[in-house]
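Working notes, structure below.
The first residue of the sequence shown is numbered 1, and numbering continues consecutively from there. Model, not experiment: these values are computed from the prediction.
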Amino acid sequence: SHSHLAEYTMSEILNDLSAVPDGALDAVLLKSVEMPEGTPTVRGYDFEGPLDLQKMLDCMMTSGYQATQFGRCVDEVNRMLKWRLSDEPVDDTTDEDE
């Protein structure tokens, strides 16, 4: 008999779930839910072949939660870099100082 969970091998744990502390399975093995339509599939950068930094940055949106947040930041920075004042609509009510 094992006195600590760390002494178990993964196959022993999977074969005897009584060794897992109460609540651990519920915290780790969450019930699957249907994803909303249009949700991107998580897939990371393919490191086979030559490194392509732009493709790696493009893949951040589908590499997992933290990478997705980084990817959203990259998209926002790119949007800001492309923005020009001439992109904004101007009408008769617009103040020249704005």
Side-chain angles (χ1 to χ4, degrees):
S1 174
H2 297 284
S3 59
H4 301 108
L5 185 59
E7 295 175 5
Y8 283 86
T9 66
M10 184 57 76
S11 85
E12 288 174 319
I13 291 171
L14 293 175
N15 287 329
D16 181 13
L17 294 180
S18 67
V20 178
D22 290 341
L25 289 178
D26 292 336
V28 176
L29 303 177
L30 301 176
K31 183 178 178 182
S32 294
V33 296
E34 190 71 30
M35 296 302 294
E37 188 173 324
T39 301
T41 301
V42 174
R43 61 185 178 285
Y45 179 73
D46 182 2
F47 286 95
E48 296 295 323
L51 181 63
D52 183 326
L53 183 58
Q54 186 59 53
K55 285 184 182 177
M56 182 183 283
L57 290 174
D58 292 343
C59 285
M60 291 295 173
M61 293 298 285
T62 58
S63 293
Y65 180 76
Q66 289 179 326
T68 298
Q69 300 315 309
F70 178 78
R72 291 177 68 194
C73 291
V74 168
D75 285 350
E76 182 64 18
V77 168
N78 285 333
R79 187 186 68 77
M80 290 188 296
L81 290 170
K82 291 177 187 173
W83 178 86
R84 298 292 177 260
L85 182 58
S86 59
D87 296 338
E88 298 298 317
V90 178
D91 61 27
D92 295 338
T93 63
T94 305
D95 185 356
E96 283 185 28
D97 295 331
E98 285 185 25

Could I get the full list of side chain to side chain donor-acceptor pair (under 3.5 Å) partners for Glu88, not counting sequence neighbours? Trp83
Considering only heavy atoms from C-beta outward, does the side chain of Met56 approach that of Leu51 to under 4.5 Å? yes
Least distance between heavy atoms, Thr41 atom then Arg43 atom: O-NH1, 3.1 Å
Distance-only, no hydrogens or angles: does the Thr62 side chain make a donor-acceptor pair with backbone N or O of Val42 under 3.5 Å? no
Closest non-hydrogen atom pair between Tyr45 and Ser63, with its separation: N-OG, 4.2 Å
Pairs touching residues 56-85 that satisfy salt bridge (Lys or Arg N to Asp or Glu O under 4.0 Å), sequence neighbours left out: Glu76-Arg79
Can you tell me how far CG of Asp52 sits from CG of Leu57, rounded to the nearest 0.5 angstrom? 9.0 Å
Between Val77 and Leu53, is there a shared hydrophobic cluster once you connect ILVMFWY residues whose side-chain heavy atoms come closer than 4.5 Å? no
